[in-house]
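The block underneath contains the structure these notes are about, expressed in structure tokens.
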Amino acid sequence: QVQLVESGGGLVQAGDSLRLSCATSGGSFMLLGMGWFRQAPGKEREFVASISWNGGTTYYADSVKGRCTISRDIAKRTVYLQLNSLKPEDTAVYYCAARPWGAAGSRITDFGSWGQGTQLTVSS
């Protein structure tokens with residue numbers, strides 16, 4: 001079973017950039033498809049971005065497309081989410097997720113392992 005630990009959240013201002021990290025342990029990182037989801041207060045968890053096991057395929061939600069880059073470092077067993085031009089509506093708890101079949105995905109049910117989340121707050 002893979003363990004996921006997110007970091008990098010915090011309080012930023014609109015227009016700022018931020019990079020979230022997801023460190024993994026256990027399992028075979030090279031075989032995992034990885035994703036980022038977020039959940040704002042009072043809202044359902046939603047897809048943000050995902051990346052396949054080899055980085056060859058990435059998916060982005062329309063709400064972050066053009067402002068967001070997902071990447072992975074195999075040596076560090078870490079997945080990153082770079083967010084630029086942050087908006088107050090990006091405020092949420094951001095969750096890292098993993099799936100064992102290696103492909104990228106966009107549905108919550110595609111992923112079987114989840115981190116505890118990191119809070120990102122964007123002030124206007």
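As the structure is a computational prediction, the values presented were derived from the model and not from experiment.
Residues Leu120 and Leu83 have side chains in contact (heavy-atom distance under 4.5 Å, counting atoms from C-beta outward). Side-chain contact between Gln119 and Thr91: present, with at least one pair of heavy atoms (C-beta onward) separated by less than 4.5 Å. Side-chain contact check for Asp90 versus Arg67: some heavy-atom pair is nearer than 4.5 Å.
In this structure, CD in Glu6 is found 12.5 Å from OH in Tyr94, a value given to the nearest 0.5 Å. Atoms CZ and CZ, from Arg99 and Arg107 in turn, are 7.5 Å apart once rounded to the nearest 0.5 Å. Atom CG of Leu32 sits about 12.0 Å away from atom CD1 of Ile51, to the nearest 0.5 Å. For the atom pair CG of Leu81 and CZ of Arg38, the computed distance is 9.5 Å after rounding to the nearest 0.5 Å.
For residues 40-95, there are no disulfide bond (SG atoms under 2.5 Å apart) pairs, not counting sequence neighbours.
With salt bridges taken as basic N to acidic carboxylate O contacts below 4.0 Å, one links Asp62 and Lys65.
When atom types are taken as modelled, the side chain of Ser50 and the backbone of Ser106 share no donor-acceptor pair closer than 3.5 angstrom. Using modelled atom types, no side-chain atom of Arg45 and backbone atom of Gln39 make a donor-acceptor pair closer than 3.5 Å.
Residues Val79 and Trp36 come closest through the heavy atom pair CG1-NE1, 3.6 Å. Minimum heavy-atom separation, Met34 to Cys96: CE-SG, 3.6 Å. The shortest heavy-atom contact between Asp73 and Tyr80 is CB-CE1, 3.9 Å. The shortest heavy-atom contact between Thr78 and Ala23 is OG1-CA, 4.0 Å. Contact record, Gly26 with Val2: O-CG2, 3.6 Å, taken as the closest heavy-atom pair.
Phe37 has its ring centre less than 6.0 Å from the ring centre of Phe111.
Ile74 is connected to Leu4 through a chain of hydrophobic side-chain contacts under 4.5 Å among Ile, Leu, Val, Met, Phe, Trp and Tyr, so both are in one cluster. In the hydrophobic clustering of ILVMFWY residues, with side-chain heavy atoms under 4.5 Å counting as a link, Leu86 and Tyr95 come out apart.
More than 12 heavy atoms of other residues, nucleotides or ligands sit less than 6.0 Å from atom OH of Tyr60.
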Report all side-chain donor-acceptor pairs from residues 7-22 shorter than 3.5 Å, counting only partners two or more places apart or in another chain.
from, atom 1, to, atom 2, distance (Å)
Asp16, OD2, Gln13, N, 3.0
Ser17, OG, Asn84, OD1, 3.0

